[in-house]
Amino acid sequence: MRLTLSARPPFALRAVVQSHGWARLAPFSFDADHAVLTYVDLLRTGRVVEMVINEAGDGVTIEIEGGLSEPERSEVAAKVSWMLRLEQDFSVFYDLAKDEPKLNQVEEQAQGRLLRCPTLFEDVVKTILTTNTTWTGTIRMVEALVSRFGTPLHTDPERHAFPTPGQLATTDEDMLRSAARLGYRAPYVLELARAVASGALDLESLKTSESPTQDLRKRLLAIKGVGGYAAANLLMLLGRHDFVAIDSWAVKLVSHEWYGGAPVGRAEVEAAFERWRQWKGLAYWFWDWSYRDQT
DNA sequence: GGTAGACCTGGACGC
DNA sequence: GCGTCCAGGTCTACC
């Protein structure tokens, strides 16, 4: 079965996929040669499907093996639209970026959309697994979580959907430490999964919340394992770009760009992008750091 | 509000 | 092959 979805222009699937590393984390995969994004998902009906997403016309097509019921079609369309931010409008950011040489490429290259997972739960777990580790460590931990706890794809049992909060809630800390090698992050992921599974934490409601960004930030910071860096990243995924996700790399880049390599702190990173106000997160994200491979 | 130390893993390095 | 050191954010305890 094939679904077709249109996107608000400008749109480029490759730009969304390459916006950050999520496409390299299971159950995503990306065929760079053919620009095909795939994602294995557990639908509400209990069926596991592989979404094969291609750019086509002014949007994307989604191919799924076999037929889909009408509720399943609606669910797939809504999830892909959310994951790729097909409807998001970046025109204000593009107008601001036109006069900045380090950002004037963003509209032409259709940058602005950041790939995200279908649930905020999955985005939060993955973000926690990016903290205090290397990128290869994150890939390894996510792969272990998915393969060990996720529901397998019927047509390819080697591939699995991302585990639901309920699936993770029934495990224990020792299992997360030994089977997925999450280390000290294990209790954070377990506590989050149990809170969401029990209904004590309605994480998904944040996706449509109209609360001020500061309020959303406070709610994210209340999650164990989510600090300033993780909260800023998650706000970006929620479409709120008011904060820069300051990690050691951000500090290094800002030091090199504005301070001649001298040591700087969080305040200097914030100050460097202050003029971009509600777009400062995106301005940092898509700043032309082309010299960085030399740093 | 600011700071120090612990948390855990894997990679780099020296022997 | 083994041991040591280090990088990576967040939490807790303490001032």
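Note on naming: letters A, B, ... go to the chains in the order of the sequence lines (proteins, then strands), and numbering restarts at 1 for each one. Here the structure is a predicted model, which is why all the values come from computation and not from measurement.
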> Between CG of D41(A) and CG of L153(A), what distance do you get to the nearest 0.5 Å?
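Output value for this atom pair is 10.5 Å.
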
> Atom CH2 of W135(A) and atom P of dG10(B): how far apart are they, to the nearest Å?
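Whole-Å distance recorded here is 16 Å.
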
> To the side chain of N132(A), which of dG10(B), dG8(C), dC8(B) is closest?
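Selected nucleotide: dG8(C).
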
> Nearest whole angstrom, please: distance from the C1' of dG9(C) to the CG of L221(A).
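Those two atoms, CG and C1', are 13 Å apart.
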
> Under a 3.5 Å threshold, yes or no: a donor from one side chain and an acceptor from the other, between T213(A) and D242(A)?
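The answer is yes; a qualifying pair exists.
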
> Using only side-chain N and O atoms of R181(A), determine if any of them is under 4.0 Å from OP1 or OP2 of dG10(B).
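Yes.
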
> Let me know the distance between CG of L129(A) and P of dC8(B), rounded to the nearest Å.
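Distance check: L129(A) CG to dC8(B) P gives 15 Å.
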
> Could you give the CD1-to-P distance, from I139(A) to dG10(B), as a whole number of Å?
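Distance check: I139(A) CD1 to dG10(B) P gives 14 Å.
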
> Check the distance between dG9(C)'s C1' and L220(A)'s CG and give it to me in whole angstrom.
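Answer to the nearest Å: 16 Å.
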
> Would you kindly compare Y184(A) and T136(A) by the position of their nearest DNA chain B nucleotide and give the one closer to the 5′ end?
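The residue mapped nearer the 5' terminus is Y184(A).
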
> Does dC8(B) have OP1 or OP2 under 4.0 Å away from a side-chain N or O of R177(A)?
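The answer is yes; a side-chain N or O of R177(A) sits under 4.0 Å from OP1 or OP2.
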
> Heavy atoms within less than 4.0 Å of DNA chain C: which residues of residues 224-242 of chain A have one? Give them sorted by number.
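Within residues 224-242 of chain A, the residues near DNA chain C are K224(A), G225(A), V226(A), G227(A), G228(A), Y229(A), A230(A).
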
> Relative to the ring of Y94(A), is the ring of F90(A) parallel (under 30°), tilted (30 to 60°) or perpendicular (over 60°)?
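F90(A) vs Y94(A) ring planes: tilted.
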
> Between atom CG in L145(A) and atom C1' in dT9(B), what is the gap in whole Å?
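Roughly 15 Å, once rounded to whole Å.
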
> So, OP1 or OP2 of dG9(C): does either fall under 4.0 Å of a side-chain N or O from S248(A)?
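For S248(A), the contact criterion (side-chain N or O under 4.0 Å from OP1 or OP2 of dG9(C)) is met.
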
> Going through the checks in order, is the ring-ring contact (aromatic ring centres under 6.0 Å, His included) test met by W258(A) and W287(A)?
CA-CA 13 Å; W258(A) 281 281; W287(A) 197 260; 5.4 Å; yes

> Drop me the distance from Y39(A)'s OH to E122(A)'s CD, to the nearest 0.5 angstrom.
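Those atoms lie 3.5 Å apart.
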
> Does I223(A) reach a base, just sugar-phosphate, or nothing at all? Heavy atoms under 4.0 Å.
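It contacts sugar-phosphate atoms only.
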
> For atom CZ of R194(A), is the number of surrounding heavy atoms from other residues, nucleotides or ligands below 6.0 Å larger than 12?
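Check passes, neighbour count above 12.
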
> Looking only at the side chain of Y188(A) (C-beta and beyond, no hydrogens), which of the listed nucleotides dT10(C), dG10(B), dC11(C) gets closest?
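Given the options dT10(C), dG10(B), dC11(C), the side chain of Y188(A) is closest to dC11(C).
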
> Within this structure, what is the CZ-to-C1' distance between R185(A) and dA7(C), rounded to whole angstrom?
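To the nearest whole Å, that distance equals 12 Å.
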
> Would you mind reading off the distance between W249(A) atom CH2 and dG9(C) atom C1', rounded to a whole angstrom?
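These atoms are roughly 17 Å apart.
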
> Just N and O in the side chain of R140(A): are any of them under 4.0 Å from OP1 or OP2 of dG10(B)?
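So the side-chain polar atoms of R140(A) do come within 4.0 Å of the phosphate oxygens OP1 or OP2 of dG10(B), strictly under.
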
> With Y284(A) as reference, evaluate W276(A), W279(A), W289(A), W249(A) under the ring-ring contact (aromatic ring centres under 6.0 Å, His included) test and give the passing residue.
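Answer to the ring-ring contact (aromatic ring centres under 6.0 Å, His included) test with Y284(A) among W276(A), W279(A), W289(A), W249(A): W289(A).
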
